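Shown next, in structure tokens, is the structure this report addresses.
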Amino acid sequence: MEYKEIILSLKNLIKDVKYDVTILSNTSAFLFGNLNNINWVGFYLTKDDGMHLGPFCGKVACMFLPYNKGVCAKCATTKEAIIVKDVHEFKGHIACDSNSNSEICIPLFINNKLYAILDIDSPIKNRFNDNDLKNLKEIVNILETEILKSQILLD
């Protein structure tokens, strides 16, 4: 499936959902099922003490990531998306799945506060490019909007 279709389908899938965990869960499953050459898709929810595993699809993952080590930490502390073409060359990489060779992470913000990191791994080196980054950022923007709306719907 092309990103244009993925984005449109995801919008329809999560539109007006009342719970953030449901939005993140179905987004993980949807991306895992529709992106090529992926072995893990999920979210790390940011808290004061570090990042805690949220909804995901793939092998069992690290349940807690500190802010001072790994690709997700770099994304969280810089508040910038990051593409790592070869995770084995990334100093401090945390190997939750030894089959992962490349990674992309994108921060999610709710009310201007870091809320989560979208983390996607691939068994292929150099899997992610600027097109992935652009489209996944668009997906994150949709998630931010829908999660904010879900919080309002719960009130």
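Small disclaimer: the values here were computed from a predicted structure and weren't measured.
Among residues two or more places apart in sequence or in another chain, the side-chain hydrogen bond (donor to acceptor under 3.5 Å, both in side chains) test is passed with Glu146 by Lys149. Checked against ring-ring contact (aromatic ring centres under 6.0 Å, His included), Phe30 has no partners two or more places apart in sequence or in another chain. In this structure, the ring-ring contact (aromatic ring centres under 6.0 Å, His included) partners of Phe64, at least two apart in sequence or on a different chain, are His52. Every residue was checked against the side-chain hydrogen bond (donor to acceptor under 3.5 Å, both in side chains) condition with Asn37, not counting sequence neighbours, and none meets it. Taking Lys134 as the reference, nothing meets the side-chain hydrogen bond (donor to acceptor under 3.5 Å, both in side chains) condition, with sequence neighbours excluded.
By the 4.5 Å heavy-atom criterion applied to side chains, Leu35 and Ile6 are counted as neighbours. Between Ser150 and Val17, the closest side-chain pair of non-hydrogen atoms is not below 4.5 Å. Side-chain contact between Asn141 and Thr145 is absent, with no heavy atoms from C-beta onward closer than 4.5 Å. Within the 4.5 Å cutoff, no side-chain heavy atoms of Val21 are placed close to those of Leu24. Proximity of Glu103 to Phe90: side-chain heavy atoms (C-beta onward) are nowhere separated by under 4.5 Å. Trp40 is listed as a side-chain neighbour of Phe56, based on a closest heavy-atom distance under 4.5 Å. Contact annotation: the side chain of Ile82 never approaches that of Ile106 to less than 4.5 Å [non-hydrogen atoms, C-beta and beyond]. Looking at Phe32 and Ile120, their side chains never come closer than 4.5 Å, going by heavy atoms from C-beta outward.
A side-chain donor-acceptor contact under 3.5 Å links Tyr115 and Asp20.
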**Cys72 vs Met51, side chain to side chain contact (heavy atoms under 4.5 Å, CB included): CA-CA, chis, key distance, verdict** = CA-CA 8 Å; Cys72 287; Met51 296 164 285; 3.9 Å; yes
**Prompt:** Please walk me through it: do Thr78 and Lys74 pass side chain to side chain contact (heavy atoms under 4.5 Å, CB included)?
**Reply:** CA-CA 6 Å; Thr78 64; Lys74 177 83 169 175; 4.2 Å; yes
**Request:** Verify side chain to side chain donor-acceptor pair (under 3.5 Å) between Ser100 and Asn39, making sure each step is shown before the conclusion.
**Result:** CA-CA 7 Å; Ser100 294; Asn39 63 321; 3.1 Å; yes
**Prompt:** When you look at Asn135 and Asn131, which way does the side chain to side chain contact (heavy atoms under 4.5 Å, CB included) test go after all the steps?
**Reply:** CA-CA 6 Å; Asn135 285 287; Asn131 185 53; 3.0 Å; yes
**Request:** Give the C-alpha distance, both sets of side-chain angles, the deciding distance and a yes or no for side chain to side chain contact (heavy atoms under 4.5 Å, CB included) between Ile104 and Val84.
**Result:** CA-CA 6 Å; Ile104 187 169; Val84 178; over 6 Å; no
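If you chain together hydrophobic residues whose side chains sit under 4.5 Å apart, Ile124 and Phe128 never meet in one group. No path of Ile, Leu, Val, Met, Phe, Trp and Tyr side chains, each step under 4.5 Å between heavy atoms, connects Val87 with Leu65, placing them in separate hydrophobic clusters. When hydrophobic clusters are built by joining Ile, Leu, Val, Met, Phe, Trp and Tyr residues whose side-chain heavy atoms come closer than 4.5 Å, directly or via intermediates, Val71 is not grouped with Ile117.
Of all the heavy atoms in Cys75 and Ala81, the pair that sits closest is SG-CA, 4.4 Å. When all heavy atoms of Leu143 and Ile23 are compared, the closest pair comes out as CD2-CG2, 3.7 Å. Residues Ile38 and Pro123 share a closest heavy-atom pair of C-CD, 4.2 Å. Considering every non-hydrogen atom in both Ala73 and Asn68, the closest pair reads CB-N, 4.1 Å. Of all non-hydrogen atoms in Leu108 and Leu118, the two that sit nearest each other are CD1-N, 3.8 Å. Across all non-hydrogen atoms, the minimal contact from Met1 to Ser9 is SD-OG, 4.5 Å.
To the nearest 0.5 Å, atoms NZ (Lys137) and CG (Asp130) are separated by 9.0 Å. Interatomic distance, NZ of Lys85 versus CG of Asn126, reported as 5.0 Å (0.5 Å rounding). From Cys105, atom SG reaches atom CG of Leu133 across 11.0 Å, with rounding to the nearest 0.5 Å.
The neighbour count for Asp49 CG, taken as heavy atoms of other residues, nucleotides or ligands under 6.0 Å away, is above 12.
Screening Asn34, Leu136, Leu8 for a side chain to side chain contact (heavy atoms under 4.5 Å, CB included) with Tyr3, the sole residue that qualifies is Leu136.
With hydrogens and angles ignored, the 3.5 Å screen pairs a side-chain donor or acceptor of Asp86 with a backbone N or O of His88. With hydrogens and angles disregarded, no donor-acceptor distance shorter than 3.5 Å links the side chain of Asn101 to the backbone of Lys125.
Listed by first then second residue, pairs satisfying side-chain hydrogen bond (donor to acceptor under 3.5 Å, both in side chains) with a partner in residues 21-33 number zero, not counting sequence neighbours.
With respect to the salt-bridge test (charged N to carboxylate O, under 4.0 angstrom), the residues Arg127 and Asp121 do not qualify.
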